[in-house]
J.: 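The structure's right below; bear with me while I get my questions together.
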Amino acid sequence: MTDLKQKRVLIIEDERDLALLMKRHLEDSGFSIQTESRGDDGLRAAEASSFDLILLDLMLPGMDGLEVCRRLRSQNVQTPILMVTARTTEVEKVLGLEMGADDYIAKPFGIAELTARVKAILRRMENLAASSAADGAAIQVGTSVHIDPATRQVLVRGMAVNLTPKEYELLLHLARNPGRVYTRSQLLDAVWGYSHDGYEHAVNCHINRLRAKLEQDHAHPEILLTVWGVGYKLADATGT
Ligand code: CA
């Protein structure tokens with residue numbers, strides 16, 4: 001069992017009652033919590049010190065959650081971000097190309113679901129760190145992608161690319177078995193650690209984001225391949 005008790009969580013939420021509820025329950029689970037009620041203050045807090053997870057509301061005074069997320073990622077802050085949103089129409093955008101959130105939870109949610117989700121994300125990060133430390137050998141995918149699990153650095157055609165933690169986990173999982181086909185639900189289980197009805201589009205969003213970062217021609221992928229009717233695979237060492 002991993003020890004989650006030292007983990008620091010930043011909650012950026014302007015609904016005072018909800019922020020307090022989340023804070024209390026996560027503190028009961030042993031987490032250390034900081035709360036901010038404005039987007040701009042939350043961004044400053046996330047820049048000023050390091051957290052293990054950020055719970056980020058979408059609609060915030062000062063700066064909205066999408067902008068907070070985008071700015072953190074553009075500064076290469078790779079802390080996992082769990083978006084909290086009542087607007088399901090925004091979910092595609094949240095998980096979409098530019099924003100770099102790792103996961104979302106839709107309002108209204110049960111506090112038990114929130115706690116479970118937070119723990120799942122933190123466990124996955126710990127497991128990933130442990131497996132990278134245990135198996136730090138670099139992986140070459142085809143001729144163009146080089147992954148160094150020890151430093152979490154990914155080179156594409158010799159250039160370093162910034163991946164969010166989820167994009168990195170997805171790529172690493174596929175890269176450890178190049179040529180093997182994974183269904184969306186297998187990837188959900190392996191990379192997100194849980195299944196969730198209607199959630200498979202999260203896999204599609206992350207695949208699209210990875211392609212935008214890896215492929216020379218997004219419309220004709222040569223690295224991250226679709227296997228029609230089944231799922232996805234990474235091209236094998238011959239690059240085909
Ligand atoms: Ca709000």
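Remember, it's 1-based here, ligands and their atoms both numbered in the order they're listed.
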J.: Any donor-acceptor pair under 3.5 Å linking the side chain of Arg211 with the backbone of His220?
T.: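 Judged by distance alone, no pair lies under 3.5 Å.
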J.: Looking at the Ca ion (ligand 1), which N/O/S atom of Asp57 is the nearest one?
T.: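 Of all N, O or S atoms in Asp57, the Ca ion (ligand 1) lies closest to OD2.
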J.: The Ca ion (ligand 1) and Glu15: any N/O/S contact shorter than 3.0 Å?
T.: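 No - counting backbone and side chain alike, Glu15 has no N, O or S atom under 3.0 Å.
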J.: With a 4.5 Å limit on heavy-atom distance, are the side chains of Phe31 and Lys119 in contact?
T.: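 In short, these two side chains touch, coming nearer than 4.5 Å.
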J.: Contact between Leu114 and His25 at the side-chain level, heavy atoms closer than 4.5 Å - yes or no?
T.: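 No. Closest side-chain heavy atoms not under 4.5 Å.
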J.: Any idea which N/O/S atom from Asp14 gets closest to the Ca ion (ligand 1)?
T.: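 Closest N, O or S atom of Asp14 to the Ca ion (ligand 1): OD1.
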J.: Using side-chain contact (heavy atoms from CB on, under 4.5 Å) as the criterion, point out the one residue from Asp64, Thr164, Leu56, Leu58 that pairs with Cys69.
T.: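 That would be Leu56; it is the only one of Asp64, Thr164, Leu56, Leu58 passing the side-chain contact (heavy atoms from CB on, under 4.5 Å) with Cys69.
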